[in-house]
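In what follows, a structure is listed as structure tokens, so that the remarks can point back to it.
Below, all heavy atoms of this structure are taken into account, side chains as well, without hydrogens, waters or symmetry copies. Each residue takes its place number in the sequence, starting with 1. Both ligands and their constituent atoms are indexed starting at 1 by order of listing.
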Amino acid sequence: MTTFVPKAAVPQPQGKGIISFSHTNVPRHIAIIMDGNGRWANAHGLPRSAGHQAGETALMDTIAGAIEAGVTHLSVYAFSTENWKRSPSEVRFLMGYSREVLRRRRDELNKWGVRIRWSGRTPRLWRSVIKELQEAEALTRHNREFTLVMCVNYGGRAELADAMERIGERIEAGELKAKAITEQTIARHLYIPDLPEVDLLIRTSGEQRISNFLLWQCAYSELMYVPEPWPEFDRHTLWRCIENYGARDRRFGGAVDTVATATSDT
Ligand code: FPP
């Protein structure tokens, strides 16, 4: 049982005071597919954009909760390479809103000790959004304890295709031999090569899909699907997920007894 004393820099939800939760181990890297904004808005008789706006509060509370729990990396799927298929007005809204959220929240996140990093493709992404992402990265680059990866214009297959392109270029330039390519070579050519593998992937709103998110990094992640739409997600739901994760037996392809032996030997 661990009691999490709120960190001075991270705000507490009003009226809830110090909160405890028990767990055996905390995932280092959590990835979240923030789904259900549109359905939440629809259920409340609001436009879809209001669902995305409500998602901002959920995101900030989740980041605060992740910091308190001792998670070191949080990746969030803010805009996928497939989201360009949405209506032009929703795409416009999401682009403008991402830019606005980054600008409005970057100082606060910096005070919390959050390092912001962008993962995604440049083509098609609004230049003003790229600029905002780069400014947030530059402002927060010295923060070491917690990393927030904003996946914007991100697709897992696109990331792998881009990595293959760069590896191909290095082969053409004579810097690399095809036979020398290993899993580490591919990992080193991803958008954020030093990003640890995802330990826990959470998707909100009850859908049970990976939807092209962090395909390489999620090879052995634990999956958790929660019924709440993203605007209703908060640090308490996150902590429930962390507790559930702590009770799981991760074997990474090894048999139960093999892993038990390996653990007792080391
Ligand atoms: C998925 O819900 C959500 C998105 C595609 C956008 C995520 C954006 C936010 C959470 C806003 C916070 C802002 C930033 C910059 C992170 P959906 O629209 O697919 O919902 P539905 O499945 O109910 O239609």
Can you pull out the closest protein heavy atom to [atom]? Residue, atom name and distance to 0.1 Å, please.
atom: atom 6 (C) of ligand 1; value: A78 O, 3.5 Å
atom: atom 3 (C) of ligand 1; value: M34 O, 3.1 Å
atom: atom 11 (C) of ligand 1; value: H52 O, 3.3 Å
atom: atom 16 (C) of ligand 1; value: L59 CD2, 3.6 Å
atom: atom 15 (C) of ligand 1; value: S98 CA, 3.6 Å
atom: atom 10 (C) of ligand 1; value: N37 ND2, 3.4 Å
atom: atom 5 (C) of ligand 1; value: N83 OD1, 3.7 Å

Does the distance from a Lys or Arg side-chain N to an Asp or Glu carboxylate O, for [X] and [Y], drop under 4.0 Å?
X: E207; Y: R39; answer: yes
X: R103; Y: E132; answer: yes
X: R121; Y: E159; answer: no

If we only count N/O pairs under 3.5 Å, is [X] in contact with ligand 1?
X: D35; result: yes
X: R48; result: yes
X: V101; result: no

Is any side-chain heavy atom of [X] closer than 4.5 Å to a side-chain heavy atom of [Y]?
X: D199; Y: S221; answer: no
X: T62; Y: R235; answer: no
X: F233; Y: L59; answer: no

| Would you call E207 a ligand 1 contact, heavy-atom distance under 4.0 Å? | no
| message | Under 4.0 Å, counting heavy atoms only: does V76 come that close to any atom of ligand 1? | response | no
| All side chain to side chain donor-acceptor pair (under 3.5 Å) counterparts of E90, not counting sequence neighbours | R48, H52, R86
| For W230, the ligand 1 atoms whose distance to one of its heavy atoms is below 4.0 Å | 10 (C)
| query | Y154 and W118: aromatic ring centres closer than 6.0 Å? | reply | no
| query | Any idea which part of V152 is under 4.0 Å from ligand 1, heavy-atom wise: side chain, backbone, both or neither? | reply | neither
| task | Would you indicate which of E90, M95, R86, E100 comes nearest to atom 19 (O) of ligand 1 when only heavy atoms are counted? | result | R86
| task | Have a look at E82, R104, R39 and point out the one with the heavy atom closest to atom 21 (P) of ligand 1. | result | R39
| Under 3.5 Å, is there a donor-acceptor pair between the side chain of S75 and the main chain of V149? | no
| Other hydrophobic cluster members with L46, side-chain heavy atoms of Ile/Leu/Val/Met/Phe/Trp/Tyr under 4.5 Å, chained? | W40
